[in-house]
Structures are given as structure tokens and as C-alpha cells.
Amino acid sequence: MMKLCMLGLAMAFATQATFAATAAPPLQDKQAFIEHLINQMSVDEKIGQLRLISIGPEMPREKIREEIAAGRIGGTFNSITRDENRPMQDAAMRSRLKIPMFFAYDVIHGHRTTFPISLGLAATWDMQAIAKVGRTSAAEAAADSIDMTFAPMVDIARDPRWGRTSEGFGEDTYLTSRIGQVMVESLQGSSPANPDSIMAIVKHFALYGAVEGGRDYNTVDMSLPKMYNDYLPPYRAGLDAGAGGVMVALNSINGVPATSNTWLMNDLLRKDWGFKGVTISDHGAIQELIRHGVAQDGREAAKLAIKAGIDMSMNDSLYAEELPGLVRSGEVTQAELDQAVREVLGAKYEMGLFKDPYLRIGQAKDDPKDVYADQRLHRDAARDVARRSLVLLENRQQTLPLRKAGTIAVVGPLADAPIDMMGSWAAAGRPNRSVTVREGLRRAVGDQARLIYAKGANVSGDKAMVDYLNFLNFDAPEIVDDLRPAAVLIDEAVKAAQQADVVVAVVGESRGMSHESSSRTTLEIPAVQRDLIKALKATGKPLVLVLMNGRPLSIGWEREQADAVLETWFSGTEGGNAIADVLFGDYNPSGKLAITFPRSVGQIPMYYNHLRIGRPYTPGKPGNYTSQYFEEPNGPLYPFGYGLSYTSFELSGLSLNSKTLKRGDTLQAKVTVKNTGKRDGETVVQLYLQDVSASMSRPVKELKNFHKLLLKAGESRTVSFNISEDDLKFYNSQLQRVAEPGQFNVQVGLDSEAVQQQSFELL
Ligand code: BGC
């Protein structure tokens, strides 16, 4: 019996190519077209389609082209110009079946033009701005022959020790889902087959943001209700918006690595969610199954991964090495192999590559003369979005906006740091194209004010960290330290401050500190910079802190020193101009935090929508045996949804049009928002709901909707929100999505803490 099986398989290997149907079905019939192609493919050609190769210094181009021509590579990433990719596509066109290659890249927050990091994009709460980022990024990347991006990253992050917090849209399920959806829709446009669209790959499936201790690549252990209610919806939203694929997370989930997790990949993703696109492993993740301790060798790792439903292996040689033997022995069936190939070919089909393999590569005569040319950038869009991402955290005695007059001291290690403006995962953005804060201020003041610059401190005194970050970036040094003693640097900055009317200190993290594999055990600004702040404060000059960072920082002490604090994340190509726009009041800040700022690292996890508990601490009414710490008050330094403006807003008169809601009906909540200040400005009215009593403890509140609106000075407007049964649903302990009858609180605020409340009953 065994022998017969083996014989059958061997025959299938030998004769597959001769089974080719005579006439190819028309291209319009996707399924028939792909099946016809699969029927003509040898096992080796099929396995070749499952390989996604990184183009890097270690891979000679000649060799890659040979492999492609032999049908042994399905796609590449990290080669990002038409003239690099054209010869590879030519090689694919020389292969037996002429299956086109695709070219992917991490286009996360811009391509040539760098927009603010994702955490900053989320702080805009502005879906039009985010759509602009997606559209611009796609068009720029497509013009550089990119077909696919590994974005959006929609991992909920509630532990800011995790460096990749910078790459996601914050802590909230609803906000992240909305942004994920907009990103997918804008990257792909009306179709991923459009010449100016690229395919979106939602990542990292799943729960990567919940790695234990915030330490990258660590394990994730999570209850199913928490998963279903809080962590999974953003991936689902991205896929429902039509994302072509999923990148699988590096972490394990409740003991089983995502890459070998049949529950996650088959039961949940394919069966429950009905996902039809391609799945791609993360970098080297199949090999890592051995180190996770679930595969004893490469053969088992490859087998586990393909059986779990990992279609493509990213930069991992195991599919190529092990699948031929596994298929030959029957341990991996033809059907399993074909299914993976079907998804890869399906993605290529959806990207329009079968119709025209050169869709985004174009003809050599049309190649840009200079891929770095400034005309290829979208500076206006970058400046507009960057301004919207800035969050004003403090502004005592209206220190801001500054006057374009007198003398301004610009100090700090990040004041003139082009590379840090870009943030991590800056795709094809180039530091020398980015406007630093110093440069932005210089352009803004022209000859109306005098600027004096001093670095004042290095980013960090931690040499090991600096060496590590410089080692990670092999293109250029990430951090160039000033080798003079710290005291000399501070002295220089103090002298600058003494001559100035106001000091703008640009401090925080270097971009590499908030990156993959860059976890921290503290959320503090490095000590050398705090010494600088202390010395600046001692000059008695008004002190404006401009923060650059990719995660919440615990800046309780710093905010006491400063007169104003502006959170700017890593704000991209036009960051310096955007920051100057806000500092001088040419733009009134409107950003709101998409993530809670804790007082200290010891408070983590600290997120606004935590579950209710039996002994909550009530500020002002402390009782015995309530939930609290000795050293610090409960609650955040800055809550989710928080951000100031140069004007002031007032909410009043929250009302509901009914005290009850029948299933299938809609309830309307109305609130009046007034601009009570002297400037026009934008704010975000946020709607939160609380399920007062349910079959499980439910969060103290959950964001369910928001409106961002511009109000002229003195203007009032009524904002209304519709609330339906769907907004009240959650996954119960049996994982049924239900809305349970009973009382709900409606809370509306301009941040998540200061809210007005009304109640209704779901019948
Ligand atoms: C990251 C992914 C990224 C991939 C390709 C990995 O290290 O985890 O997010 O898409 O590299 O660059």
C-alpha cells in the first residue's frame, strides 16, 4: 500500500507538466486561470512560489536572477527601484511558466516622503489625513515598482516598554481598527491591481503587541475574551477592508507559536473569518520554530508551518530545502502545497501582475533620472499630516505660541538630528531630505528673530545602547555622539539659553530606541538629557520642551520644569516645518494621544479601558484595601485622548433622545461643543460606552466613535452620535458576540477622563 502511494506520487512529480491543458482559460476567470497554471507547475516550481527573498548585501544579484529564471523564487523585498526590479522581472519572464515576481517593502509611514510614525498618525484622529498618507505612500511606492507593503501594523500596544509601540496606532481597539481599515483602503485604492496601488499585508497576526514584559519577540499569554474583544478586531477590520494578505507574528500565543498555530491560522483566520488572501511568515520565523521548541529540526518546522497555513516563507530557506522531501514522502500533501501556491498566485493576480508583470516597473525610458529627487516627494502632504499629529501636553501662561522675535535658543540632541526626524521603518525616506527642528525654526523666523543652537547633550550616556543602534543601521551611523564631556555640552547650552528670550529644548529618544528589538525597562528621558533640562531650568528662561519619542515617556519631572511641552513623535520629512508651525501658532495643535502616558514604568500596564474591579481606588476618597500603589497616585500622567489647543473648548448638555434602546433601533446622543477661546481650532469629541452590569466584568469605558471638527473662535456646534445594538456587543465567556440587556453609560469627552455621562437601558 505504502509503496503504491509512493509510486503514485513519483508519477505525479514526473508527469505534472504534461497534464497541461491545451488552451489556457481567459485571464478574467481568476480561478480557472490559476488552476490551469497550478496544473502545469512542477513541485519545484510550486515550492519556488512560496519563497520570499530579501534583497540585501548577502545575496548576489546575479545569483538571484538565476534562481528566479529557474522558477525558484516567488517574490522579493527590499529592492526598491525600477531598474533594480526590472532585471528580476525579466528573469521571471525567462522562466518556464513566466509567472511574474512581486516586489514588496515595508512602506509603513510613507515611502520616499516620510510621514509621522504610526503612533503619531494615530494622534491625528483624522481619517482623511491618514487616507492621504496611505494614498501618497502607495503612489510613491508603486512609482518605484513596489507591488506590496507589509503594512498596516495593527498590533494593539499597551506596554510602552515594547519598542514597536512606535509602529502601531496605540492602545485602543476601536481607533486602531478604524485606522487599519483606512490604511488598507487607501494603500490599495479601488483595487490593488491599479498601477498606483499596492497590496496591504496586515501584521503581525496575532497579538504581537502583547509580548510579555514588553520585551520584543517574547511570549504572549492571553485569555480568549481579551483576545476577541481587544486584540483581534483590528486585524479583522484590516482584512474586512480587503487587505490582500496577513503577516504572521513572531511570538507564540498561549504556548503555540503563531507560525505553527493551526487554531490561529486555520480555524480562526480561514474558517471563522473566511480569509481568502495570502499568508506570509515574518522574517525567518519558520526556522525559529526550532528555537521556540516546537520543532526538532528544519524538516519538522517546515511541515508545521505549511500545515498551519503559512503560504510564503520570508527569508527562510526551509521551504526550499525541506518541502521537496516532505511532499515526496507524502507528509505534506499535494493538496496542501497547492493551496499555499494558490494563495500566492491569487495575490499576484490581485496585484494585476498576470495582466502586466511590468505594471509598476514600466519601461526603462520612463525611469526617474534621480530617484531621490525632491520633486518626487509630497512635502505639502507631509507637513499637513505632521502638524495634525503633534500633541500639546502643557502650556503654562500661554508660553506657546512663541513670537517670531527676539532671541530663541534651540538646544538638545534631537534639535538637529535628520535621521531621527524619520522615525524607525522610514522606508525609502532619506535623512538628508528631512527638515530638522532647528532648520524648521530657522526657516520660520527668517530674519525676524535670532536663533542660537547648542546640542547640549548626547541622546544617551549608555554607550552599549548607542553601539547597538549604530550596529543595527549598517547604512549610516544612527547616533553620532559629541565626544566632549557632558558638562561642556551643558555649559554651551546654558550660555545659549542665557542670551535668549526663550529656550526650545528638543529631547527624548533617538528613533532607534523605539524600534524592533529595542525594548526598554524605563520610560524616562535618558539621564544626560535630564541633566540638560535641569541646567536650562536653572537659567530661569521660559522653557519649551519639544519631545521626540516613539512610545509614551514618563515625564512627570520634566513637565514640572517646563513651561510648555509639545509631543512630536518622529514627525517625518517635514517634521521641522510642522513643529515650527505649531510653536509659532501658524497652526493650532489638535492632536490627541492614542496611548496613555503612565507616570512611571511601574504602573504598566496602564490603559484607559481596563476592566472594572471589586476594590477600585477612588481619588479623594481613599479607603482601606483599595487597589493602589504607595509611591504614586493611580491613573495616568496624561490620559488616552488627551491633547491641548491654543484655544479652549467646552462640552455641555449631553442628552439622549431616549432612555431605552430596542434592538434594531438607534439611539442618538447629542452634545454641544463650544470654542470658548480666541482662536479657531480643531478638537475631537469622543464617545465612550460602559456596560454597567453584564455576564462578565466589562471595561470602565470603551471608545466607540469620535468626531473631529473645526470650530471658529466663539462658535458652538451640536455633535450627534448614533448608538446601536452593535456598539454594545462584546464576546462573552463562551465567545459569543452579544449585547446583554441592562444599563449602559454614555460618556462623552474631549479626552477619556473628563467626560459627561448619561444612561440608557438596552431592552
Ligand atoms: C519585521 C516585520 C517586517 C519584516 C520585513 C521583520 O523583522 O518583524 O514587521 O515586515 O522584518 O522587513
Side-chain angles (χ1 to χ4, degrees), residues 51-59 73-80 102-111 117-119 137 141 146-157 162-169 180 183-184 187 198-211 214-218 220 234-235 238 243-253 257-259 278-289 291-292 305 310-316 347 422-429 468-469 471-475 511-512 514-519 550:
R51 290 180 68 207
L52 177 59
I53 301 294
S54 170
I55 304 292
E58 71 285 357
M59 264 275 174
I73 297 180
T76 71
F77 62 113
N78 291 339
S79 60
I80 55 161
F102 72 79
F103 304 100
Y105 195 38
D106 287 280
V107 178
I108 309 289
H109 52 108
H111 178 64
I117 56 163
S118 301
L119 194 58
S137 310
I146 305 301
D147 305 300
M148 174 192 279
T149 174
F150 305 131
M153 177 185 120
V154 292
D155 304 319
I156 295 294
W162 191 49
R164 302 192 83 169
T165 298
S166 60
E167 254 181 272
F169 304 115
M183 266 296 183
V184 168
L187 287 164
I198 57 177
M199 180 172 273
I201 302 292
V202 169
K203 70 186 185 186
H204 303 82
F205 193 64
L207 319 184
Y208 186 22
V211 284
R215 210 171 64 240
D216 211 357
Y217 317 124
N218 208 354
V220 173
Y235 306 107
V246 158
M247 183 187 290
V248 184
L250 293 162
N251 52 281
S252 61
I253 297 173
T259 307
V278 68
T279 60
I280 302 179
S281 81
D282 202 342
H283 205 283
I286 300 175
Q287 180 82 42
E288 287 171 21
L289 291 176
R291 276 192 243 122
H292 273 288
I310 312 294
D311 301 330
M312 274 199 117
S313 102
M314 181 190 283
N315 232 28
D316 185 314
M422 323 279 299
S424 72
W425 295 106
Y468 176 69
L469 295 179
F471 155 80
L472 281 190
N473 189 354
F474 41 76
D475 286 346
R511 68 161 189 175
S514 270
H515 182 56
E516 182 175 345
S517 155
S518 295
S519 298

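Both counts, for ligands and for their atoms, begin at 1 and track the order of listing.
Using a 4.5 Å heavy-atom cutoff, the side chains of Leu250 and Glu288 are in contact.
Near ligand 1, residues Phe77, Asp106, Phe150, Arg164, Lys203, His204, Met247, Asp282, His283, Met314, Trp425, Glu516 come within 4.0 angstrom through at least one heavy atom.
Using modelled atom types, one side-chain atom of Thr279 and one backbone atom of Asp311 make a donor-acceptor pair closer than 3.5 Å. A distance-only check finds no donor-acceptor pair linking the side chain of Tyr208 to the backbone of Val248 [under 3.5 Å]. Remark: side-chain polar atoms of Ser118 are paired, donor with acceptor, to backbone N or O of Glu167 under 3.5 angstrom.
Residues meeting the side chain to side chain donor-acceptor pair (under 3.5 Å) test with His292, sequence neighbours left out: none.
For the residue pair Tyr468/Ser517, the side-chain donor-acceptor check at 3.5 Å is satisfied.
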